[in-house]
Each structure stands twice: as structure tokens, then as C-alpha cells.
Amino acid sequence: MTTLVAGAVGVSYYDKSVNLSVDGKASAVHAFGTTVGDVLAKQDIKVGEHDVVVPSAGSKIEDGQKIVVRYGRKLSVTVDGKTRDYWTTATTVAAALQELGIRADSAKLSASRSQTLGREGLAFSVTTPKALTVHVDGKNLTGSSTSPTVKDALGELKVKVDRDDRVKPALNAPLTSGMQIAIQRVTAKTVRATQAISFSTVKKSDSSIYKGDSKTVTAGKAGAKVVTYRIVTVDGKTESKRPVATVVTAQPVTQVVAVGTKSPPAAPTTPTPPVSGGNKPSADGLNWAALAQCESGGNPATYTGNGFYGLYQFDEQTWHSVGGSGLPSDNSAGEQTYRAQILYKQRSDSPWPVCGAKLYT
């Protein structure tokens, strides 16, 4: 009888009622053993170096005792681009931040603050507010942003940029505290302008024209082209203007000039006065300049409307009779003098009844 009583007492001594909390989940368990570690082993609870057990595994247990187990979670936290690993027994992101002393009251998190932390841990980022100044459109805008990049910060501040605008630092640059962001407004447009094309001049030798004289055979004419320019302006000021296309709308006409190669008549010598007996002085020695001055005022292009032309007032029939072409007034002074000398050899000074005497002065 005594033996039975002793056995019952032994069982009662080792059987404990324990309140067990694992990561906040409580349960009442009966366990045989003398230490916390015995209880955990009975419940198949394994703990590692980053887990927390209160009281410690080697502590003796009492009936009705509370045992708390908190598993460790590995957190990879990136704060403003810098990553660091932590271990925590917190079960939510908010509790972990508080436990680890990471200030993120006004920061932007990539994970919800209320998100539960599983035993597998979690990786998330924390972006703290950063002061910045944006220089744009002649103004300085100040503010703060938790955006990771310049582009995101500009979007948050409602500053619009297009693909032509220049942004420094670049849109994909990481945002840093105190950053100065400069934006230049760039516009590009095309304009068209009509421009003249200069004509060239070609000179050709002409043996029918006296040396030193020339005449235009074909009049030159400027051409035309439409040039398209691309004009780039930065903050309203022209930065560059360059041609991007040219269309010729009218080709220029080359000017052709005939240049005389014919030797001119010999210069007049001292005039020889008329002699009796019908002999007349040589045409080369007469004062043709004086005759021309008397007849036309020395103007090769003279035409008064009376049917007589040029320096020596030829009519068309007489002009053609001495080999002249066209009208006398359309020819050079040298050509007119040459034809007048031929006429003199044929008819002496009779064609110039008023001014003929000037030949002998």
C-alpha cells in the first residue's frame, strides 16, 4: 500500500501544467520534466541562436509557469540605398523598426508597416524624406520627397518635363538630401526660308569685237532655293540654327560675256589738211574724236529718233553698206569708228556735210 502512494506522488511531482506562448500564440500544456528545455523538447520546439526563450532553457519549471518563445527573423533593410541585415523577434514590420531603432516615421517603405513577419524573414527598403530645390522656368521650387530618383521626385512635385528638356542630375539619378535639380526647357522647330542662288559668269573670246570691248551675249539670272532650318532654343534663347534640307526651285542662268580680241584701228596721227587735185588725207590720221563730238556729243548709243544712230550718225542703209551689223548704236565705239573710216575712204567727208571739217582739226 505504501508503494502505491509513493508512485502517485512521483507522477504528480513531474507532471506540470505550463502556459506556453510561441510568437504570441498561447496554449496550456502538460509536461513531464524539470526544466524549460524539457517542456520545449516535449513540444518539438527547436530554438536557435537568434531565438529568445524566457525563462532560459535551463531554468526549472513550476506548475502554472509561463514560458515565452520568440523566434528570430532576419531582416534585410535598405535605408536610402544602404543595405544592412538585422535579426529581430518582432512579428510585424512596425514592431521590428521600433525594436531596431530605425526611425521611419515620415519615411516611405516598400512594405506595409502592419505586414506580419514570417520566420523566413523579409527584405524591404526605407526611403527617408530629402530636401531638394528645383530650378525651372526662372523659378526656384523647394520641397522634400521620399522618391528614389530625380524623375520620381519631379513627378511627386508635379514638375513636368518632356524628352527634349535637359535635366541635371539625370532623371535616373538617385535622390540625395539637399539636391539641386536644374531643368532647361528645350524646344526645336523647323522654319523655311527662300534664298537666291548667285549666277556664274563665263567669258568667251570674240574676234568680231575690238580688244578692250565686251558685250553680254546671255544675261545672267539668279536662281532660288528653299532652305529648311532646325532651330533649337533653350529657355527661350536660340542655341543653334542649322540647315537640314535644301530644295532648288529655280536654277540660275549663267551669264555669257563676249570679250573682244580684234585689234582696234590705229590711233589718229597729226591730221593732214586736204590738198588740191582731189587727193584726201589718210583716214587713220584724221580727228575722228572731234567728228564724233560734233555729230553725237561723243555718245556711241545716241539715237534722236531721226533715223541716224551712234557716234557718226549713220543711217541703217549706210551702216550696212560698210559691213556693219545691227544698229550702229548697238556696237562699240571702236566698231563704229572702224566703219566710219571705211565710209570715209569711199566717200571722203561728204557723209558729214556739217561736221566733216572737224576731221582735219
Side-chain angles (χ1 to χ4, degrees), residues 1-130 144-148 152 156 174-175 177:
M1 188 67 174
T2 300
T3 302
L4 291 174
V5 172
V9 172
V11 171
S12 173
Y13 176 79
Y14 288 106
D15 183 17
K16 303 292 190 298
S17 178
V18 177
N19 294 315
L20 181 61
S21 174
V22 179
D23 279 343
K25 295 180 180 180
S27 62
V29 299
H30 287 271
F32 293 92
T34 59
T35 66
V36 171
D38 295 335
V39 176
L40 297 180
K42 185 65 176 177
Q43 298 298 316
D44 291 330
I45 296 174
K46 296 179 180 180
V47 294
E49 61 176 319
H50 298 292
D51 301 327
V52 174
V53 179
V54 179
S56 64
S59 301
K60 292 185 179 181
I61 58 172
E62 301 291 339
D63 190 44
Q65 186 171 356
K66 183 177 182 179
I67 300 174
V68 177
V69 177
R70 301 290 290 271
Y71 290 116
R73 279 92 168 159
K74 183 179 180 181
L75 296 184
S76 290
V77 184
T78 301
V79 179
D80 292 335
K82 297 181 179 180
T83 302
R84 183 176 175 183
D85 293 336
Y86 301 90
W87 283 92
T88 180
T89 58
T91 56
T92 65
V93 171
L97 291 174
Q98 184 176 6
E99 177 184 309
L100 298 172
I102 299 175
R103 300 189 62 179
D105 295 341
S106 56
K108 181 179 180 181
L109 275 63
S110 63
S112 171
R113 296 173 188 270
S114 61
Q115 181 173 334
T116 299
L117 297 178
R119 291 184 63 182
E120 68 278 4
L122 182 66
F124 63 93
S125 62
V126 178
T127 306
T128 60
K130 298 170 186 65
S144 64
S145 174
T146 57
S147 297
D152 297 325
E156 187 177 339
L175 196 67
S177 183

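What you are looking at is a predicted structure, and each value in this text was computed from that prediction instead of being measured. Nothing fancy with the numbering, it's 1 onward along the sequence.
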Can you sort out the partners of [X] under side-chain contact (heavy atoms from CB on, under 4.5 Å), two or more places apart, ordered by chain and number?
{"X": "Ser27", "answer": "Leu20, Val29"}
{"X": "Pro129", "answer": "Ser106, Thr146"}
{"X": "Arg103", "answer": "none"}

Pairing residues for Asn19 by the side chain to side chain donor-acceptor pair (under 3.5 Å) criterion, not counting sequence neighbours: none
Excluding sequence neighbours, so at least two apart, what forms side chain to side chain donor-acceptor pair (under 3.5 Å) with Ser144? none
Can you name the closest pair of heavy atoms from [X] and [Y] and give their distance?
{"X": "Ala90", "Y": "Thr88", "value": "N-OG1, 3.0 Å"}
{"X": "Thr35", "Y": "Ile61", "value": "C-CG2, 3.6 Å"}
{"X": "His30", "Y": "Ser17", "value": "CE1-CB, 3.9 Å"}

Side chains of residues 68-81: which donor-acceptor pairs under 3.5 Å do they make with residues two or more places apart or in other chains?
from, atom 1, to, atom 2, distance (Å)
Arg70, NH2, Thr89, O, 3.2
Arg73, NE, Leu117, O, 3.2
Arg73, NH1, Asp23, OD1, 3.0
Arg73, NH1, Asp23, OD2, 3.1
Arg73, NH1, Tyr71, O, 2.8
Arg73, NH2, Asp23, OD2, 2.8
Ser76, OG, Asp85, OD1, 2.7
Thr78, OG1, Thr83, OG1, 2.6
Asp80, OD1, Thr128, N, 3.0
Asp80, OD1, Thr128, OG1, 3.3
Asp80, OD1, Lys130, NZ, 2.6
Asp80, OD2, Thr128, OG1, 2.5

Over 12 non-hydrogen atoms of neighbours within 6.0 angstrom of CD in Gln98: no
Check the pair Val53, Ile45 against side chain to side chain contact (heavy atoms under 4.5 Å, CB included), reporting the backbone distance first and the verdict last. CA-CA 11 Å; Val53 179; Ile45 296 174; over 6 Å; no
Once ring-ring contact (aromatic ring centres under 6.0 Å, His included) is applied, do any residues pair with His50, and if so which ones, sequence neighbours excluded? Trp87
Without placing hydrogens or testing angles, list every side-chain donor-acceptor pair under 3.5 Å for residues 118-125, not counting sequence neighbours.
from, atom 1, to, atom 2, distance (Å)
Ser125, OG, Ser110, OG, 3.3

Looking at CG of Asp152 and NZ of Lys108, how far apart are the two atoms once the value is rounded to the nearest 0.5 Å? 6.5 Å
According to salt bridge (Lys or Arg N to Asp or Glu O under 4.0 Å), does anything in residues 31-59 pair up with another residue at least two apart or in another chain? List the pairs. none
Residue pairs involving residues 57-68 (criterion side-chain hydrogen bond (donor to acceptor under 3.5 Å, both in side chains); sequence neighbours excluded): Ser56-Ser59
